[in-house]
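Supplied in structure tokens, the structure appears directly below.
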Amino acid sequence: MTDGLCIRRMTLADVEAVYAIDVQSFSLPWSERSFRYEVSQNANSRPWVAELTLPGGEKHLAGMLVIWLIVDEAHVGTVAVHPNYRRRQVGAQLLAQGLVEAAGEGALKAFLEVRDGNLPAQQLYYRFGFVVAGVRSHYYKDTNEDALLLDLDLTSQDVLQQLRQALAEGE
């Protein structure tokens, strides 16, 4: 749990810090321009940030999430947590908030790709009920690593309860 954590929609003012988190988190980061597009032009995009308020009142972006809502499907485009705030449930809070909101907007299923070797991310996804639906061989061009295709049934009351419980634990 992280006290002082607020999950809110991403704004253009957040893009520079979001991009910095992406660069620190991935070998193939998105461009700043891509994040600006998600915030200001992509009607299907639901971009989120986790903002942490420190005891002195200073605010830091601790993480980010982009979900695309397409008809009745939520696709997790990217999620990352700043290295200083990992293992504090920031990613769980972001993902839970984004998926609960997507379900509230009519998403019936959620999808994402994760590196075959990214075990910490996989643990989070499995905790929320994601299951392996397939593999994209050699998906990541920098390492030739496979991507696991995961999906989640957002119509399941058990899944929604698990997501809501994760949110409640963060309050």
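Reckoned from all heavy atoms, side chains included, excluding hydrogens, waters and symmetry mates. For reference, positions follow the sequence shown, starting with 1.
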Only distances under 3.5 Å count here; give the side-chain donor-acceptor pairs of residues 158-165 to other protein atoms, sequence neighbours excluded, each with its distance to 0.1 Å.
| unit_1 | atom_1 | unit_2 | atom_2 | d |
| --- | --- | --- | --- | --- |
| Gln162 | NE2 | Arg127 | O | 3.3 |
| Gln165 | NE2 | Glu169 | OE2 | 3.1 |

Pairs where residues 12-23 contributes a residue and the test salt bridge (Lys or Arg N to Asp or Glu O under 4.0 Å) is met, not counting sequence neighbours: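 Found Arg8-Asp14.
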Is the closest side-chain heavy-atom distance between Met64 and Trp48 below 4.5 Å?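 Sidechains of Trp48 and Met64: no contact.
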Any side-chain heavy atom of Leu5 sitting closer than 4.5 Å to one from Leu52?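 Yes, at least one pair of side-chain atoms sits under 4.5 Å.
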Should His75 and Glu73 count as side-chain neighbours, where that means a heavy-atom distance under 4.5 Å?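 In short, these two side chains do not touch, never coming nearer than 4.5 Å.
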Ignoring hydrogens and angles, tell me if any N or O in the side chain of Glu145 forms a donor-acceptor pair with the backbone of Gly117 under 3.5 Å.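 Side chain of Glu145 to backbone of Gly117: a pair is present.
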Does a side-chain heavy-atom distance below 4.5 Å link Leu149 with Val135?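 SC-SC contact between Leu149 and Val135 ruled out.
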Using the salt bridge (charged side-chain N to carboxylate O under 4.0 Å, His left out) criterion, which residues pair with Arg36? Sequence neighbours excluded.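 Partners of Arg36 by the salt bridge (charged side-chain N to carboxylate O under 4.0 Å, His left out) criterion, ordered by chain and then number, come out as Glu32.
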Is there side-chain contact between Val66 and Phe35, with at least one heavy-atom pair below 4.5 Å?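 Contact flag for Val66/Phe35 side chains = yes.
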If you round to the nearest 0.5 Å, how far is OG of Ser40 from CE of Met10?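 Output value for this atom pair is 11.5 Å.
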Can you list every ring-ring contact (aromatic ring centres under 6.0 Å, His included) pair that touches residues 100-128, not counting sequence neighbours?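 Of all non-adjacent pairs touching residues 100-128, those that pass ring-ring contact (aromatic ring centres under 6.0 Å, His included) are Tyr125-Phe130.
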Less than 4.5 Å apart, side chain to side chain, heavy atoms only: is that true for Leu152 and Val131?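 Of all side-chain heavy-atom pairs linking Val131 with Leu152, none is under 4.5 Å.
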Going by salt bridge (charged side-chain N to carboxylate O under 4.0 Å, His left out), name the residues that satisfy it together with Glu113, two or more places apart in sequence or in a different chain.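 Partners of Glu113 by the salt bridge (charged side-chain N to carboxylate O under 4.0 Å, His left out) criterion, ordered by chain and then number, come out as Arg136.
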Do Val39 and Tyr37 share a hydrophobic cluster (ILVMFWY, side-chain heavy atoms under 4.5 Å, transitive)?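 Cluster IDs for Val39 and Tyr37 differ.
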Could you tell me whether the side chain of Val49 reaches within less than 4.5 Å of the side chain of Thr11, counting heavy atoms only?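 Answer no - side chains too far apart.
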Consider only side-chain heavy atoms of I, L, V, M, F, W and Y, link residues closer than 4.5 Å, and tell whether Val79 and Phe26 are in one cluster.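 The answer is no; the residues belong to distinct hydrophobic clusters.
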Once salt bridge (charged side-chain N to carboxylate O under 4.0 Å, His left out) is applied, do any residues pair with Asp142, and if so which ones, sequence neighbours excluded?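 Once residues adjacent in sequence are excluded, the partners of Asp142 under the salt bridge (charged side-chain N to carboxylate O under 4.0 Å, His left out) criterion are Arg115.
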Let me check something: do Val15 and Val81 share a hydrophobic cluster, defined by ILVMFWY side-chain heavy atoms less than 4.5 Å apart, either directly or through other members?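 Not linked; separate clusters.
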Hey, does Val76 have a side-chain heavy atom less than 4.5 Å from the side chain of Ile67?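 Yes. Closest side-chain heavy atoms under 4.5 Å.
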Test side-chain contact (heavy atoms from CB on, under 4.5 Å) on Lys59 and Thr53 and set out the steps. CA-CA 4 Å; Lys59 295 179 187 259; Thr53 302; 3.5 Å; yes
Check the hydrophobic clustering (I, L, V, M, F, W, Y; side-chain heavy atoms under 4.5 Å; chains of links allowed) and say if Ile21 and Tyr85 are grouped together.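 In one cluster: no.
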